[in-house]
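One is the number of the first residue; the rest follow in order along the sequence.
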Amino acid sequence: VKSVEDSLWPLMTAKIFASPFMKVDVYPIDGNHEYIGNPQAPVDYSAINPHWKMEARDYTFVKKIDSTTSVRFVMIDTSPFVERYENDPKYHSVKLQDWRKTVAFLDSVLRVSHEEWKIVVGHHPIYTSDFGQGNTYRLIKYVDPLLRKYKVDLYFSGHIHKFEHVHRDGMDYFTTTNGGAKPRIATPWFYTRFVKKTLGFTVCSVTDDKFSIFFVDKSGNVVYTYHRIKSTK
């Protein structure tokens, strides 16, 4: 999209918000395709649609689960971390966004976060078995240490068009596919717990001591389930 007036907006959001069962808030993040257009436009669109909750390129919010349990979500803009975009004319605006500011933002939020669950979401995976599009080395060097330092529970990403769960040194990384992209090859590597070439969605359920992740394919079948257990003692 080029602006909030772009004709693509009705096409993108009509099916999301048209259903009476979908009057929910959506918390988007920029991906590499947004940088082909105007990556600020999805932020500005928040002033147009009250259910579209993207207050900045990097932002955070908290969801309360019960009287004693909350989840801290930190949404980060990962395209500026991908070095090859810097020399690709298609992503010319990526150079205007300083990835170091994202690192500083993430550190400032997590440093004071006391929620029971901490979740970080970025478009690009930190680790994945897809070595063509996969491991993002600036994220590995600058973001992953913060996830571990502040005991983040899960990192969610997309971009690779497949389901994958990578578990590395106690940290869980989930790459989630979606319902409208061509699925890519899925080959496991040493740290892969699960990988599958398919379209679908990821559904999560959370309690005070268990965060459950369900990979659901395009036919509605649960193809993978994982529970991250947190000690409440």
Salt bridge (Lys or Arg N to Asp or Glu O under 4.0 Å) partners of [X], counting only residues at least two apart:
| X | value |
| --- | --- |
| D98 | R100 |
| D6 | none |
| R148 | D144 |
| D153 | R228, K230 |

Candidate pair N49 and V26, rule side chain to side chain contact (heavy atoms under 4.5 Å, CB included), full reasoning
CA-CA 10 Å; N49 189 323; V26 176; over 6 Å; no
For a quick check under 3.5 Å, do [X] and [Y] share a side-chain donor-acceptor pair by atom type?
| X | Y | answer |
| --- | --- | --- |
| H227 | S212 | yes |
| T69 | E116 | no |
| H159 | N32 | yes |
| D217 | T198 | no |
| T202 | T176 | yes |
| Y226 | D172 | yes |
| S79 | Q97 | no |

Ring centroid separation [X] to [Y] under 6.0 Å:
| X | Y | result |
| --- | --- | --- |
| F174 | F156 | yes |
| F194 | H165 | no |
| H124 | Y85 | yes |

Is [Y] close to [X] at the side-chain level, that is, under 4.5 Å between some pair of heavy atoms?
| X | Y | value |
| --- | --- | --- |
| R72 | V74 | yes |
| M171 | V152 | yes |
| I76 | V121 | no |
| P42 | E34 | yes |
| T136 | T78 | no |
| F81 | T102 | yes |
| N221 | V216 | no |
| I119 | F211 | yes |

Under the rule for ring pair (Phe, Tyr, Trp, His ring centres under 6.0 Å), what residues qualify as partners of [X], not counting sequence neighbours?
| X | answer |
| --- | --- |
| Y150 | none |
| Y142 | W99 |
| F105 | none |
| F61 | Y27, F73 |

List the residues meeting side-chain contact (heavy atoms from CB on, under 4.5 Å) with [X], not counting sequence neighbours, and say none if there are none.
| X | value |
| --- | --- |
| N38 | Q40, A41 |
| H33 | I36 |
| L96 | S93 |
| E83 | R138 |

Show the numbers, then the answer: is there a side chain to side chain contact (heavy atoms under 4.5 Å, CB included) between T225 and V222?
CA-CA 7 Å; T225 300; V222 177; 3.4 Å; yes
May I ask you to decide if [Y]'s main-chain N or O and [X]'s side chain share a donor-acceptor pair within less than 3.5 Å?
| X | Y | value |
| --- | --- | --- |
| S46 | W52 | yes |
| D58 | D77 | yes |
| K196 | K162 | no |

Work out which heavy atom in [X] is nearest to a heavy atom in [Y]; give both atom names and the distance.
| X | Y | result |
| --- | --- | --- |
| P125 | I160 | CG-CG1, 3.7 Å |
| D30 | P39 | OD2-O, 2.7 Å |
| D66 | T68 | OD1-N, 2.8 Å |
| L199 | F163 | O-CE1, 4.4 Å |
| I213 | C204 | CG1-SG, 4.2 Å |
| P145 | K141 | CG-O, 3.2 Å |

As an exercise, state the distance from NZ of K63 to OG of S70, rounded to the nearest 0.5 Å.
11.0 Å
Output the distance between atom CG (D25) and atom NZ (K53), rounded to the nearest 0.5 Å.
4.5 Å
Look at the side-chain heavy atoms of Ile, Leu, Val, Met, Phe, Trp and Tyr, link any pair under 4.5 Å apart, and say whether [X] and [Y] land in one connected group.
| X | Y | result |
| --- | --- | --- |
| V120 | V62 | no |
| I140 | V143 | yes |
| I65 | V203 | no |

Passing candidate, ring pair (Phe, Tyr, Trp, His ring centres under 6.0 Å) with Y127, options Y191, Y137, Y155, Y173:
Y173
Under 30°, 30 to 60°, or over 60°: which ring-plane class applies to W9 and Y45, parallel, tilted or perpendicular?
parallel
For the pair Y224 and F215, name the ring-plane relationship: parallel under 30°, tilted 30 to 60°, perpendicular over 60°.
tilted
